[in-house]
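First the proteins, then the strands, lettered A, B, ... as listed; each starts at 1.
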Amino acid sequence: MSTFQLEIQLVAAVVAAACALPGTFLILKRMAMMSDAISHAILPGIVIGFFLTGNLSSPLLILGGAAAGLLTVVLVEWIRKTDRVREDAAIGLVFSSLFAVGVILIARFASDVHLDTDAVLLGELAFVPFDRLEIAGYDLGPQALYATGGVGLLCMGFILLFYKELKLATFDGALCATLGFLPGVLHYALMGLVSMTAVAAFDAVGSILVVALMVGPPVSAYLVTNRFGHMILYSVALGITASILGYWVAHLFDASIAGCMAVMVGLQFAILFCVAPEQGLLAAWKRRRRQKWQFAIKMLVIHLLQHEATPEAEQECRIDHLQGHMAWEESFAQGVVTRAASQNLLHTVGEYLELTHTGRELAREAIVHS
Amino acid sequence: MEQFFDDYTLRTVTLGTAILGAVSGALGTFAVLRRQSLLGDAVSHAALPGIGLAFILTSSKASLVLMVGAGLAGWLATAVVLLVTTSTRVKYDSALGLVLSVFFGAGLVLLTFIQKYPNANQAGLDSFLFGQAASLVVGDVITMTVLGGIVLVALLLFWKEFKLLAFDPEFAHSLVLPVRWLDIGLTTLLVVAIVIGLQTVGVVLMSAMIIAPAAAARQWTDNLGVMALISMVTGALCGVGGALLSTSTSNLPTGPTIVVCAGGFVVVSMLIAPHRGIIWQQVRQTVQNRKLKSEAVLLDLFELARKHDDLGYPHMETALRVIHPKRGTLYRQLRRLEGRGLVKMYDSGAWALTPDGILVCKQLLDERIR
Amino acid sequence: MVNAIEVRDLTVAYRERPVLWDIDLDVASGVLMAVVGPNGAGKTTLIKAILGLMKPAAGQVRILGKPYRNVASSVGYVPQRGTVDWDFPTSVLDVVLMGLYGRLGWIRRPGRSERKEAIAALEKVDMAGFAHRQISQLSGGQRQRVFLARALIQDARVYLMDEPLQGVDATTERAIIDILHSLRSSGKTVLVVHHDLQTVSTYFDEVLLLNVRRIASGPVSEAFTDTNLGLTYGGRIAIIKDAQ
């Protein structure tokens with residue numbers, strides 16, 4: 001592995017971690033699409049920052065981008081408040097208009113420089129090692145590493161510092177407000193971080209991969225854990241894994257690095273979607289199978305309890321009645337009766353089913369608890 | 001590079017953008033009302049791998065082939081969103097963000113493969129990112145017209161069912177309408193509408209063509225049919241306007257220009273549309289406030305007079321000032337009421353209700369009780 | 001005579017959690033029945049299961065002796081007001097006409113005679129003057145009347161209404177009750193999810209007390225007892241009744 005490759009992977013991992021941190025909050029706040037909106041809407045901010053400084057690696061670009069990102073948030077909020085256009089439409093309108101303005105600015109006034117729209121959208125990780133930070137003649141490594149690392153540390157610091165407030169604001173904004181924690185300020189701070197992360201990362205990975213890394217790993221983590229802290233940690237780990245895997249897949253097939261990383265993010269999700277311990281398809285299928293019998297047995301004992309010692313008991317408590325009235329297949333009804341009998345919940349008297357004491361208890365308990 | 005456009009090209013381009021604007025305007029009406037604004041964004045991004053795959057499989061750049069690929073991929077994306085949101089706790093917005101970025105990433109990977117094709121004239125595929133009206137040829141426009149025509153006819157045929165689906169799907173279900181199939185049908189029409197526009201507007205900005213005309217149209221009318229019509233006209237106008245501007249100006253990309261036009265339409269509509277326009281609302285509110293203020297003075301005069309068993313009993317301004325401490329405002333209100341003939345001033349400077357004023361007071365009190 | 005609504009051993013589960021357990025219910029034709037029970041008792045679920053909007057885990061439902069699909073045109077449904085977007089660009093008349101979509105069938109549009117019917121339905125709920133209003137301009141009570149008119153135009157034999165009296169003004173409540181009573185006197189069957197226990201005995205003939213299971217059902221005088229209410233609401237209800 002060459003130094004180049006190492007540096008590319010390092011930047012990719014740092015970007016993934018920096019994105020996963022605010023991303024976790026975004027998906028829990030049901031604002032995942034804000035990552036899409038912000039990562040597109042920063043474009044005019046970057047372009048204007050570039051016009052002002054004439055330098056693509058100036059920190060002013062990050063500020064300009066962050067300002068444009070915050071402008072998106074403010075505009076969406078403002079449009080939503082007018083009650084004329086719904087929030088989802090407002091998000092779509094604001095970011096596409098801002099992005100369009102950015103593209104036009106580039107095409108009109110900056111078509112001859114490195115800043116072209118493909119680069120914004122797609123990024124080019126492979127070029128990252130060429131743009132180096134040099135201070136007093138010393139080569140300190142790729143510039144992107146410092147930009148994304150700095151923003152990543154900022155995110156981490158912010159989350160560590162305001163962990164409990166953010167958690168509260170995410171789950172219960174109203175309570176957070178009554179406790180005086182200013183959820184509005186936290187919200188804008190978080191959106192500011194999302195914007196800064198998006199700007200810092202766009203040069204390296206492009207805006208679409210920013211979306212993939214902000215949404216994908218946290219959503220995957222959401223499938224495997226119920227705990228907030230774990231979710232953040234898993235997101236970071238999943239994001240780093242996906243980005244490094246993506247790099248090597250791209251290397252192997254000589255394909256777009258950003259594209260491969262996004263595909264890896266999707267693959268991670270697809271795998272967890274199938275096999276996650278509780279949320280996964282497989283687990284759900286197994287659980288349904290297990291519960292189908294239990295559920296049916298419970299239904300049967302409750303049915304018998306409700307009808308025993310009533311005039312229609314003779315009719316209602318027959319085995320063949322179950323098929324007709326509970327819409328059970330004959331074999332399934334037989335299976336339920338056999339299973340219930342083997343658990344000593346009922347016994348058969350000719351064609352009739354009679355609850356045992358245990359069966360009666362179970363039925364009563366089920367009724368109370370349901 | 002300057003390109004020369006003869007009338008023939010211009011006609012083709014104008015016709016194409018008009019059709020795409022009209023079709024996306026019509027379908028956008030439903031997307032916006034059904035809160036699926038951002039689904040359009042996901043579908044258009046997700047179309048990219050379909051375009052790439054269609055090219056790889058057929059080596060054809062015929063617009064119909066690419067549109068079929070794009071449509072299938074977009075449709076698959078909506079199916080994945082549906083599967084993920086119904087079978088796990090992952091929310092709709094997260095699923096959209098994930099699908100959007102992962103599909104787009106896969107598209108990028110495919111594009112890098114295509115670049116390596118020996119006959120890779122990739123220019124045609126590149127235009128799908130940001131769109132290129134200039135690349136439209138008559139064949140494309142015919143394809144767009146036929147597909148768009150089918151979409152619009154289908155929309156018209158099932159208009160009342162789609163309307164009910166959008167307004168009250170449960171009631172539709174209770175009428176034993178096949179709600180699920182209607183939903184799939186309407187979503188498919190949306191996907192087709194998006195696919196029609198991709199070549200001209202590009203995947204990144206196509207969602208704006210779905211949202212903006214509809215959001216603008218909503219401000220002008222309270223009738224679904226009229227809204228769809230206005231939306232179609234707006235969409236077509238934006239398309240034509242944007243295309244003309246961009247072909248007549250150098251370095252002005254088509255897609256972004258169309259989107260900026262559409263965004264402008266939304267802002268103007270939100271401000272000046274009758275009834276819903278924000279400006280009119282402000283005016284109405286000011287008038288209403290003024291009316292309430294003078295009514296308050298009138299009623300206070302009524303209350304004071306009632307204590308004297310003579311509703312026309314005059315009071316000095318100072319008596320009213322206990323309730324309305326701002327002297328200037330109070331005086332202005334009294335003068336205004338005098339102008340309406342509801343109060344009169346005696347030479348002593350005292351104010352009393354006129355018979356008309358007493359009548360108005362009684363009406364007002366009646367209304368408030370009810 | 002066949003019962004208007006027959007529910008047998010109905011169990012409905014949401015993600016393996018039972019919402020309704022083994023419900024049996026018979027509603028005779030021409031009966032005005034209230035469904036009462038605490039929040040989460042499954043009242044709305046019962047209505048939806050009867051309409052086939054929710055798939056039961058077990059049991060079956062018959063309306064006028066047949067499965068719902070076969071008699072859908074004889075069933076009118078009034079969903080909860082909050083389930084739709086009242087900012088939708090449509091007029092009062094349009095909403096009422098939606099009640100005819102089932103009868104109209106595919107592709108056909110409502111014409112003049114349908115519009116006349118819709119106006120007549122609006123007159124019954126005293127809303128004819130609002131026919132061309134946009135629905136967002138209506139008050140809560142007016143919206144409820146529009147929904148009721150949409151069900152009335154269906155000219156059904158069985159009506160299922162989900163909380164039609166929730167949060168409406170006194171005038172609307174009176175008007176709706178009058179309509180319910182006139183429906184009953186013309187032989188229709190009406191099942192109403194209701195929340196106000198004080199008015200059950202004045203408004204309704206029969207009552208179903210529901211809390212996941214069927215606690216009791218039958219004529220109000222027999223089923224609406226303190227004991228049954230206690231079983232339904234877990235004892236808290238006694239306080240309200242004493243205060244009367």
Engaged part of A:Asp254 at the chain B interface, taking heavy atoms whose separation is under 4.5 Å: both
Measuring only between side-chain heavy atoms, which start at C-beta, is A:Phe99 closer than 4.5 Å to A:Val103? yes
Find the one option among B:Val259, B:Leu38, B:Val109 whose heavy-atom pairs under 4.5 Å with chain A are most numerous. B:Leu38
So, taking the atom named CD1 in A:Ile257 and the one named CG in B:Leu108, what distance separates them when rounded to the nearest 0.5 Å? 12.0 Å
Answer key: most heavy-atom pairs under 4.5 Å with chain A among B:Ala31, B:Pro253, B:Ser207 is B:Pro253
Which bit of A:Asp88 is near chain B, if near means a heavy-atom gap under 4.5 Å: side chain, backbone, both or neither? both
Below 4.5 Å from any heavy atom of chain A, which atoms of B:Leu83 appear? Answer side chain, backbone, both or neither. both
Return the CD to CD1 distance between B:Gln282 and B:Ile278, rounded to the nearest 0.5 Å. 8.0 Å
From the list A:Leu98, A:Ile104, A:Ile27, the residue making the most non-hydrogen contacts under 4.5 Å with chain B is A:Ile104
Could you check whether A:Phe269 and A:Phe273 have their ring centres less than 6.0 Å apart? yes
Pick whichever of B:Ala42, B:Gly97, B:Gly263 has the most heavy-atom pairs under 4.5 Å with chain A. B:Gly97
With a strict 4.5 Å heavy-atom criterion, list every residue of residues 217-224 of chain A that contacts chain B, or say none. A:Val219, A:Tyr222, A:Leu223
Using 0.5 Å steps for rounding, measure from the CZ atom of B:Phe55 to the CG atom of B:Leu111. 10.0 Å
Examine distances only and state if a side-chain atom of B:Ser231 and a backbone atom of B:Ala214 form a donor-acceptor pair shorter than 3.5 Å. yes
Rounded to the nearest 0.5 Å, what's the gap from CD1 on B:Ile279 to CD1 on B:Ile272? Could you check? 7.0 Å
Could you tell me the separation between the OG atom of A:Ser195 and the CG atom of A:Leu190, rounded to the nearest 0.5 Å? 9.5 Å
Measuring heavy-atom distances to chain A, does B:Val90 have an atom under 4.5 Å in its side chain, in its backbone, in both, or in neither? both
If you count heavy-atom pairs within less than 4.5 Å of chain B, which of A:Gln279, A:Met34, A:Arg84 leads? A:Arg84
Quick one: what part of A:Leu213 sits under 4.5 Å from any heavy atom of chain B, side chain, backbone, both or neither? neither
Contact class of A:Phe253 relative to chain B, heavy atoms under 4.5 angstrom: both
Measuring only between side-chain heavy atoms, which start at C-beta, is B:Asp222 closer than 4.5 Å to B:His275? no
Measure A:Met31 against the heavy atoms of chain B and call it side chain, backbone, both or neither at under 4.5 Å. backbone
Drop me the distance from A:His40's NE2 to A:Ser97's OG, to the nearest 0.5 angstrom. 13.0 Å
Answer with side chain, backbone, both or neither: which region of B:Val84 has an atom nearer than 4.5 Å to a non-hydrogen atom of chain A? both
Identify which part of A:Arg86 has an atom lying under 4.5 Å from any heavy atom of chain B, answering side chain, backbone, both or neither. side chain
Give the member of B:Ile210, B:Leu100, B:Val32 that has the highest number of heavy-atom pairs under 4.5 Å with chain A. B:Leu100
Heavy-atom side-chain proximity of A:Val85 to B:Gln219 below 4.5 angstrom: yes
Is any side-chain heavy atom of B:Leu48 closer than 4.5 Å to one of B:Phe103? no
Are the side chains of A:Val211 and B:His45 in contact, using a 4.5 Å heavy-atom criterion? no
Step by step, would you call A:Thr197 with A:Val210 a side chain to side chain contact (heavy atoms under 4.5 Å, CB included)? CA-CA 8 Å; A:Thr197 313; A:Val210 170; 6.0 Å; no
Under 4.5 Å from a heavy atom of chain B, the part of A:Ser35 involved: neither
Portion of B:Ser269 that has a non-hydrogen atom of chain A nearer than 4.5 angstrom: neither
